[in-house]
Visitor: 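Structure below; questions to follow.
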Amino acid sequence: MSECSGCPSASPDGGCSSATGCDQQPVDDKLNKTLGRIKHKIVVMSGKGGVGKSTVAANIAVALSLAGKKVGLLDVDVHGPSIPRLLSLKGQTPHMGVDVMEPVPWSKNLSVMSLGFLLEDDRQAVIWRGPVKMGLIKQFVEDVMWGDLDYLIVDCPPGTGDEPLSTLQTLGPTAMAVVVTTPQGVAIDDVRRSLSFVGEVGNRVLGLVENMSGFACPDCGAVHNIFNSGGGEDLAKEAGVRFLGRIPMDPAVARSGDEGFPFVKVSEDSATGQAMKAIIDPMLNLPDPPKMA
Ligand SMILES: Nc1ncnc2c1ncn2[C@@H]1O[C@H](COP(=O)(O)OP(=O)(O)O)[C@@H](O)[C@H]1O
Ligand SMILES: [Mg+2]
Ligand SMILES: [Zn+2]
């Protein structure tokens, strides 16, 4: 490729020989061009697994798309991509071009990319080294034909490791984090680390979501506080970040995930549906981020 001529990382055949992907000007132009067409970048993360990151990410993406916004949903959980299942897109494969991929459409307004689409067997364990993951996430942003988006929602694996780091670095300082926690103390400690991690990378936290907070009772429709709740709100206060709200533990959420019907689409009138709506509404009214240089 002529782009690489003159680059110290150019290989003899003219391509890029860098193990971490090209970090030189031409490709960054490509990244900047892609990012310039995406208005808001929201990265869903948590210090803990199983707290509902993917569920929250999928519901944010679907709710925004149903509100008429153009949305991309990127699943960068290379070890356990769950977005294809949550949106009934398992077995779909993205169309491939020469050096571009088309995201898989969920609807006219929502396009999805997940490593799950590229794995032949989703039970196969994936072992990636840090640099490979870094390159992969950058590719998932710049080589996917996202087009003009109002929102790109990214679903991260748990922790403060390579994927969230690489995601924030790739998307740049205007990307904002939505951090998900459960009310319990163990999760809170890990999530506190996530909040400071976001600050250390140089990004802002859009807000904290307390998921599985109380139990939405299918018998009476009320939310019973069977365990402690409020830990997320306390943590938000302590860390000085916005508390977006709490979502009860609701058998209907688990069922909708298993069946691949996003909860916000099927059940917006329940207490849980209202709770999700309250969390997502502020995202519909974000001020435009400053234009990147
Ligand atoms: N509010 C909730 N009520 C009931 N089940 C939930 C809720 N949020 C998530 N779940 C379920 O918990 C499990 C883990 O959720 P998931 O979104 O995959 O978490 P993570 O991405 O953080 O690992 C899934 O089976 C999901 O359906
Ligand atoms: Mg997940
Ligand atoms: Zn009840």
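Start at 1 and go down the list; that is how both ligands and their atoms are numbered. Basis for what follows: all heavy atoms, side chains included, without hydrogens, waters or symmetry-related copies.
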Visitor: Could you list which atoms of ligand 1 come closer than 4.0 Å to a heavy atom of Ile247?
Guide: 1 (N)

Visitor: Check the side chains of Ser256 and Glu259 for a donor-acceptor pair under 3.5 angstrom, ignoring hydrogens and angles.
Guide: no

Visitor: May I ask you to check if ligand 1 and Lys48 share an N or O to N or O distance below 3.5 Å?
Guide: no

Visitor: Below 3.5 Å, N or O to N or O, backbone or side chain included: is there any such pair between Arg85 and ligand 1?
Guide: no

Visitor: Determine, using ring centers only, whether Phe215 and His224 are less than 6.0 Å apart.
Guide: no

Visitor: Do Leu73 and Met176 belong together in a cluster built from hydrophobic side chains that touch within less than 4.5 Å?
Guide: yes

Visitor: Taking distance alone, with N or O pairs closer than 3.5 Å, would you say Pro251 contacts ligand 1?
Guide: no

Visitor: Can you pull out the closest protein heavy atom to atom 4 (C) of ligand 1? Residue, atom name and distance to 0.1 Å, please.
Guide: Asp250 O, 3.2 Å

Visitor: For the CZ atom on Arg85, are there more than 12 heavy atoms of other groups (residues, nucleotides or ligands in this structure) within a distance under 6.0 Å?
Guide: yes

Visitor: Identify, for atom 27 (O) of ligand 1, the protein heavy atom at the shortest distance, and state residue, atom and that distance.
Guide: Ala254 CA, 3.5 Å

Visitor: Considering only non-hydrogen protein atoms, determine which one is nearest to atom 7 (C) of ligand 1 and report residue, atom name and distance to 0.1 Å.
Guide: Val253 CG1, 3.6 Å

Visitor: More than 12 heavy atoms of other residues, nucleotides or ligands under 6.0 Å from CZ of Phe261: is that the case?
Guide: no

Visitor: With a cutoff of 4.0 Å, is Gly257 in contact with ligand 1, counting heavy atoms of the residue only?
Guide: no

Visitor: Would you mind checking which non-hydrogen protein atom is closest to atom 24 (C) of ligand 1, with the distance to 0.1 Å?
Guide: Thr55 OG1, 4.7 Å

Visitor: Checking Glu142 against Lys33 for the salt bridge (Lys or Arg N to Asp or Glu O under 4.0 Å) test, could you report, in this order, the C-alpha distance in whole Å, the side-chain angles of both residues, the deciding distance, and whether it holds?
Guide: CA-CA 8 Å; Glu142 69 181 11; Lys33 217 173 261 167; over 6 Å; no

Visitor: Give the C-alpha distance, both sets of side-chain angles, the deciding distance and a yes or no for salt bridge (Lys or Arg N to Asp or Glu O under 4.0 Å) between Asp143 and Lys138.
Guide: CA-CA 8 Å; Asp143 292 345; Lys138 194 166 174 227; over 6 Å; no

Visitor: Write the atom name of the N, O or S atom in His224 that is nearest the Zn ion (ligand 3).
Guide: NE2

Visitor: For atom 16 (P) of ligand 1, which of Gly49, Ser82, Ala216, Gly52 has the closest heavy atom?
Guide: Gly52

Visitor: Short list, please: which atoms of ligand 1 are under 4.0 Å from a heavy atom of Pro248?
Guide: 1 (N), 2 (C), 3 (N)

Visitor: Is a donor from one side chain sitting under 3.5 angstrom from an acceptor on the other, for Ser54 and Ser82?
Guide: yes

Visitor: Among all the protein's heavy atoms, is there at least one whose distance to atom 13 (C) of ligand 1 comes out below 4.0 Å?
Guide: no

Visitor: Taking both backbone and side-chain atoms into account, decide whether Ser82 has an N/O/S atom under 2.8 Å from the Mg ion (ligand 2).
Guide: no

Visitor: Test your reading of the model: is there a side-chain donor-acceptor pair from Asn211 to the backbone of Val51, 3.5 Å cut-off?
Guide: yes

Visitor: Would you mind reporting whether Thr160 and Leu165 have side-chain heavy atoms less than 4.5 Å apart?
Guide: no

Visitor: Is any N or O atom of Asp258, backbone or side chain, closer than 3.5 Å to an N or O atom of ligand 1?
Guide: no

Visitor: Non-hydrogen atoms of Gly50 versus ligand 1: any pair closer than 4.0 Å?
Guide: yes

Visitor: Verify the distance criterion only: is there a donor paired with an acceptor across the side chains of Ser114 and Asp75 at less than 3.5 Å?
Guide: yes

Visitor: Is there a nitrogen or oxygen of Asp155 sitting under 3.5 Å from a nitrogen or oxygen of ligand 1?
Guide: no

Visitor: Below the 3.5 angstrom mark, is there an N/O of Val51, backbone or side chain, next to an N/O of ligand 1?
Guide: yes

Visitor: Students should be able to answer this: which protein heavy-atom is nearest to atom 18 (O) of ligand 1, and at what distance?
Guide: Ser54 CB, 4.1 Å

Visitor: Can you tell me which residue and heavy atom of the protein come closest to atom 11 (C) of ligand 1, and the distance to 0.1 Å?
Guide: Met212 CE, 4.3 Å

Visitor: Membership question, hydrophobic clusters at under 4.5 Å side-chain separation (ILVMFWY): are Leu206 and Tyr151 in the same one?
Guide: yes

Visitor: Scan the protein's non-hydrogen atoms and note whether one is under 4.0 Å from atom 9 (C) of ligand 1.
Guide: yes

Visitor: Please list the nearest protein heavy atom to atom 22 (O) of ligand 1 with its residue and the distance rounded to 0.1 Å.
Guide: Lys53 NZ, 2.6 Å

Visitor: For Lys70, is there an ion pair with Asp150 - N to carboxylate O distance below 4.0 angstrom?
Guide: no

